Every structure is written in C-alpha cells, then in structure tokens.
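These notes are about the structure you will find just below.
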Amino acid sequence: MKSSPQSIEELLARADSMAGLTFAQLAKLNDQIVPKNLRRDKGWVGQLIEHELGANAGSKSEPDFNHLDVELKTIPINSYGKPLETTFVTVAPLINISGLTFFDSVLFHKLKQVLWVPIEGERDIPVAERRIGCPFLWQPDASQLAQLKQDWEEIMELIALGQVTKVTARHGEILQLRPKAANSAALTESIAEDGSIQLTNPRGFYLKTQFTTRLLANAFGN
DNA sequence: AGCTGATCATAA
DNA sequence: TTATGATCAGCT
C-alpha cells in the first residue's frame, strides 16, 4: 500500500497524475495483474485506484480518506462521458434505526465529499487498455443534499414500517435501494410488518445514473 | 438500450 | 455475516 495523502491538495495532485493512464500502466506501477474481464473481479479497478492513492479505511464503514473526510468512487463511463452503472454508496441499515437521522447516517458521511474518478467502462475495450479519466472533488450542493435527504428519509421510513420487501429500485428520485449481497439467498435481519424481526436479502443504497450524469456534466462544464 | 435484481471476490 | 470494492445479465 502506498502512503496516505496528508492533505486534500496532495490527494488531488496524486489523483490528477493518474489521468490518462491505462489500467495496464497503473497495474504495473502497483505490481498487479490485469484481469481479462471484470466478471469475477468487479471491484478490481476500484481497489487498484485505492491502492495507488493510499486509501486506508479498509472495510470499515467510513470514508476512504477519513482524516480528509473524502470518499473515493470510481465511475465507469462510455465514450460520451455518461455513466454506465449506478453507484453503490453503502449497505442500508434495516434494524435499530429508530431515531436515526439523515445527517447521522453513514450515507451522508460517505457523500458529503467524494473524489470521483471516471474510468472507461465499455465492455468492448479490453480491460488493460481502458483509461483513467480526470478525477474531481464533489460536495453536494443545497439542492442535491435536499434530494438525497428526502429519498433517504422516504426509504428509511418504509424500512422502519416493515415494508422493506416492498421497496423496489423505482423508489427515490436520485437514490435507490437494491439488493447488495453475495446472492439472493443471503439473509440479514430486518423489521417485519408487525414490528418483529424477520430475515431478508441485504440491501444497499445506490445513486441512479441520471443523477451521476448531471454530476459529471457539471464537473466538466455542460 | 436502459434498468432492476442478482451476483462476484475478499477481509475480518 | 457484514463490510469493502463494484459489474453482470436477463427482462422490459
């Protein structure tokens, strides 16, 4: 693992220096082998970039650069710069959530400041030849924050009311709740309709592509 | 073609 | 099992 950046400026400088590199080039710098495809290595690019930038949160429920209050997110884009995938944010809490507020939530703490790293993601480009784009730091503005808060509160209320199994990816304007598990057989505790504990497939919060499309457009002017 | 539900690898 | 990193792939 490379050293951890000691300031936002250092982090951004190191991130900028990756722009334009192919995955093959960055992999070589980090003594890693490039997988033929990402089917069995879905997190490979994200972990490669974490390694290069010295992220240190590991598998803790904290932003990647906790001392800088920065979360790192790669985002696969097509040749027009549009996101190809939704962005996973965090696992959704399904029990012990009474009194939990948006501003105390893990979701808020992970999204209050994000270093976005666009990456080429089209499947017809060999993984080794895909390139890293221009990283940019983002903080939600007042309107984005209000939207996030509203979606989060609506979804969390349904969870609190024992309706988790009725929430689909269609709920929410910019945030959605979807399965986040090894497979559909995985189980975790959640609140049942009668208030007792039941077992359900774990869920995660994801940012919809319509929202991240606007983020990228704002960042790169238009 | 885009989206939703399902899935893969790994650490602790 | 839960958390991290996400993308896959069938269906509409």
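Small disclaimer: the values here were computed from a predicted structure and weren't measured.
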Partner set under side chain to side chain contact (heavy atoms under 4.5 Å, CB included) for [X], not counting sequence neighbours:
{"X": "A128(A)", "result": "A24(A), V34(A)"}
{"X": "E120(A)", "result": "I125(A), R130(A), R131(A)"}
{"X": "N30(A)", "result": "K2(A), L26(A), Q32(A), L48(A), H51(A), E52(A)"}
{"X": "I155(A)", "result": "I159(A), L177(A), F205(A)"}

Q.
Over all strands shown, is L187(A) touching base, sugar-phosphate only, or nothing at heavy-atom distances under 4.0 angstrom?
A. sugar-phosphate
Please state how far atom [atom1] in [X] lies from atom [atom2] in [N], giving the value in whole angstrom units.
{"X": "I95(A)", "N": "dT1(C)", "atom1": "CD1", "atom2": "P", "answer": "13 Å"}
{"X": "L207(A)", "N": "dT4(B)", "atom1": "CG", "atom2": "P", "answer": "13 Å"}
{"X": "K36(A)", "N": "dC8(B)", "atom1": "NZ", "atom2": "C1'", "answer": "19 Å"}
{"X": "R203(A)", "N": "dT4(B)", "atom1": "CZ", "atom2": "P", "answer": "14 Å"}

Pair up each side-chain donor or acceptor in residues 78-99 of chain A with any protein partner under 3.5 Å, not counting sequence neighbours, and list the distances.
residue, atom, partner, partner atom, Å
N78(A), OD1, Y80(A), N, 2.8
N78(A), OD1, G81(A), N, 3.0
N78(A), OD1, K82(A), N, 2.9
T86(A), OG1, R178(A), NH1, 3.0
T86(A), OG1, R178(A), NH2, 3.4

Q. When the nearest nucleotide of DNA chain B is assigned to R40(A) and to N201(A) on a heavy-atom basis, which residue is associated with the more 5' position?
A. N201(A)
**Q.** Given DNA chain B, 5'-ward residue of the pair K82(A) and A169(A), judged by closest heavy atom
**A.** K82(A)
**Q.** Difference in axis direction between the ends of the helix from dA1(B)-dT12(C) to dA12(B)-dT1(C), five pairs, 10°
**A.** 30°
Q: Check the surroundings of atom CD in E157(A): do more than 12 heavy atoms from other residues, nucleotides or ligands lie under 6.0 Å from it?
A: no
Q. What residues join L187(A) in its hydrophobic cluster, counting side-chain heavy atom gaps under 4.5 Å, either direct or through other members?
A. L199(A)
(Q) Across nucleotides 4-12 of chain C, 5' to 3', mark each nucleotide with B, S or - according to how protein heavy atoms within less than 4.0 Å reach it. (A) BBBBBB---
Q.
For a 4.5 angstrom cut-off between non-hydrogen side-chain atoms, does S105(A) reach M156(A)?
A. no
Q. Which pairs count as salt bridge (charged side-chain N to carboxylate O under 4.0 Å, His left out) when at least one residue sits in residues 98-111 of chain A, sequence neighbours excluded?
A. none
Q. Listed by chain and number, what are the side chain to side chain donor-acceptor pair (under 3.5 Å) partners of E154(A), not counting sequence neighbours?
A. Q150(A)
Q. How would you list all residue pairs meeting side-chain hydrogen bond (donor to acceptor under 3.5 Å, both in side chains) that involve residues 180-200 of chain A, not counting sequence neighbours?
A. K166(A)-E193(A), S190(A)-Q198(A), S190(A)-T200(A), D194(A)-S196(A)
Q | Residues within residues 188-200 of chain A bordering DNA chain C, heavy-atom distance below 4.0 Å | A | T188(A)
